[in-house]
Amino acid sequence: MRMVKVPLGTRSYNILIDRNLLKSLGAECAKLNLGQRCAIISDSNVAPLFAKAAQRSLAKAGFDSVLITVPAGETAKSLKTVQLCYDQLAQHRLERKSFIIALGGGVVGDLAGFVAATYLRGIPFVQVPTTLLAHVDSSVGGKVGINLKAGKNLVGAFYQPRLVLCDLDTLKTLPEREYRAGLAEVIKYGIIYDASLFDQLERDLPKLLKRNPKTLSDVIGRCCEIKADVVGQDETESGLRAILNFGHTIGHGLEAISGYGKYLHGEAISIGQVAAAKLSAQLLGLPEFEVIRIRDLFQRAGLPVQVKLNPAQLNRLLDAMKLDKKVSAGEIKFVLARTIGKVEFGQKVPMNLIAPVLNF
Ligand code: NAD
Ligand code: GLY
C-alpha cells in the first residue's frame with residue numbers, strides 16, 4: 001500500500017492508495033477515533049457498485065452506517081441536495097460524534113464534504129474517491145462546496161477530511177470518457193510541478209490508458225504527493241495553491257458558456273491547458289517544442305486540445321472568465337509555465353491574446 005501524508009499540523013491526514021482497499025474501510029476508520037455511527041453519502045451510479053462493500057467493512061469494524069444516495073451528476077452539488085442530506089442525517093439521529101463518508105467522484109466529495117463542514121457546525125468526514133479525477137485532485141486538500149445558478153463552487157469551505165482511501169479497483173468500472181477526463185488533471189501535475197512525471201506520462205501513457213494497476217498506483221501516488229505538498233504550504237490559496245488552477249481559467253469559462261453539459265471538466269481544462277501553454281510561450285518564454293509536447297500528450301490521452309468559437313461565443317467566454325473566482329480587482333490572473341515542471345501564478349494576460357490561442 002502507498003501512503004501519502006497531507007501535512008497540516010493537528011489536521012494532518014493520510015491518503016492510502018492500493019487495490020482492494022474498500023474492504024479495509026472500517027478498520028482504517030477505527031484507527032481515527034471517530035464515533036460509532038456514520039452516514040455514507042454516494043450517488044445513484046456509485047452506490048449500487050460499492051456501497052454494500054463499504055457497509056460490510058464498516059459493520060465488521062463495529063460501525064453502524066446509513067446510506068444516503070443522491071442523484072448522479074453535477075446538479076447534485078446544490079443547496080437542494082444539501083438540504084436533503086441534512087434532513088436524512090437528522091432523521092437518522094446522527095450526532096456530533098458521528099461522521100460522514102463521501103463515496104463517489106468529485107461531485108459527491110464536494111457535496112458530502114460541505115454537508116460535513118456545516119451539519120452540527122462540523123462533523124468529521126472521510127473521502128473514498130471513485131473517479132480518477134477524485135483520486136488525484138478533488139478528494140485531497142479540503143475544498144468542499146456547491147454550485148449556485150450564478151456559477152460553480154460559489155458556496156463552500158476549506159474543510160479537511162480525516163482520511164482519503166483510494167481503492168484502485170473502483171476505477172475499473174469508470175466509463176472511458178470519465179477516465180480520460182481524469183487524465184487531464186494527472187498531466188497537469190507534470191506541467192506545474194514535476195518534469196520527470198511528465199516524461200513518465202509520455203512513456204507510460206499506453207499502460208495508463210489500459211488502467212494498469214502498478215502504473216496507476218505510481219502515478220496517483222505522485223500526483224497526491226504533489227497536491228499534499230502544495231496544500232501543506234498554502235492550504236487556503238493565498239498564493240502557491242493557485243498553481244493547481246493551471247488551464248482552469250479558460251476551462252471554467254468553456255464549461256460555463258456551454259451550460260456545463262458539453263464538456264466534462266477534464267476536457268475543458270485540457271483545452272485550457274493547451275491554450276495556457278501557448279500563452280506561456282508568448283509571455284514567459286516556454287519553448288515552442290514544449291508547447292507541442294504538452295498538446296501531443298493531451299491529444300494522445302484522447303482529450304480535446306482546441307475549440308472553434310464564433311465572435312459571440314468568444315465574447316461570452318471572455319465575460320465568463322471575468323466572473324471566475326480567480327479574478328481580483330477586475331483583473332484575470334493566469335498560471336503560466338516557464339518550462340514543463342515550473343509555473344508561475346498571478347500572471348497578467350491581455351485579453352486580445354486569448355482568442356488566437358484557443359484554435360491552433
Ligand atoms: P462525478 O463525481 O460527477 O463523477 C463522474 C461520473 O462517473 C458520475 O456519473 C458518477 O456517478 C460516475 N462514477 C463515479 N465513480 C464511478 C465508478 N467507479 N464507476 C462508474 N461510474 C462512476 O465527476 P468527477 O469528475 O469525479 O468530479 C467533478 C467534480 O469535482 C466537479 O464538481 C468539480 O467542481 C469537482 N472538483 C473539485 C475539486 C476540489 O478540489 N474539491 C477539484 C477538482 C474538481
Ligand atoms: N483543484 C484545485 C485545488 O484543490 O486547489
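Both counts, for ligands and for their atoms, begin at 1 and track the order of listing. What you are looking at is a predicted structure, and each value in this text was computed from that prediction instead of being measured. For reference, positions follow the sequence shown, starting with 1.
- Using a cutoff of 4.0 Å between basic side-chain nitrogens and carboxylate oxygens, Lys214 and Asp218 are scored as salt-bridged.
- Residue contact check: Lys143 has heavy atoms under 4.0 Å from atoms 2 (C), 3 (C), 4 (O), 5 (O) of ligand 2.
- Remark: distances from the non-hydrogen atoms of Arg177 to ligand 1 are all 4.0 Å or more.
- Backbone and side-chain nitrogen or oxygen atoms of Glu178 are examined, and none is located within less than 3.5 angstrom of a nitrogen or oxygen of ligand 1.
- Taking distance alone, with nitrogen or oxygen atoms compared against 3.5 Å, Thr170 approaches ligand 1 more closely than that limit.
- When Ala47, Ser138, Gly73, Pro129 are checked for heavy-atom proximity to atom 39 (C) of ligand 1, Ser138 turns out nearest.
- Where the criterion is an N or O separation shorter than 3.5 Å, residue side chain and backbone included, Leu49 fails it with respect to ligand 1.
- For the pair Thr130 and ligand 1, the shortest N or O to N or O distance falls below 3.5 Å.
- At least one heavy atom of Lys227 lies less than 4.0 angstrom from ligand 2.
- Below 3.5 Å of separation, one finds an N or O of Gly106 facing an N or O of ligand 1.
- Proximity of Val126 to Ile100: side-chain heavy atoms (C-beta onward) are nowhere separated by under 4.5 Å.
- A salt bridge links Asp169 with Lys172: the closest approach of a Lys/Arg side-chain nitrogen to an acidic carboxylate oxygen falls below 4.0 angstrom.
- Comment: Arg293 does not engage Asp296 in a salt bridge, judged by the lack of any side-chain N to carboxylate O separation of less than 4.0 angstrom.
- The ligand atoms of ligand 1 that sit less than 4.0 angstrom from a heavy atom of Glu74 are 31 (C), 32 (O).
- In this structure, Glu267 does not pair ionically with Lys262, as no charged nitrogen and carboxylate oxygen lie closer than 4.0 Å.
- The shortest N/O to N/O separation between Thr131 and ligand 1 falls below 3.5 Å.
- When only non-hydrogen protein atoms are considered, atom 1 (N) of ligand 2 lies nearest to Asp137 OD1, 3.1 Å.
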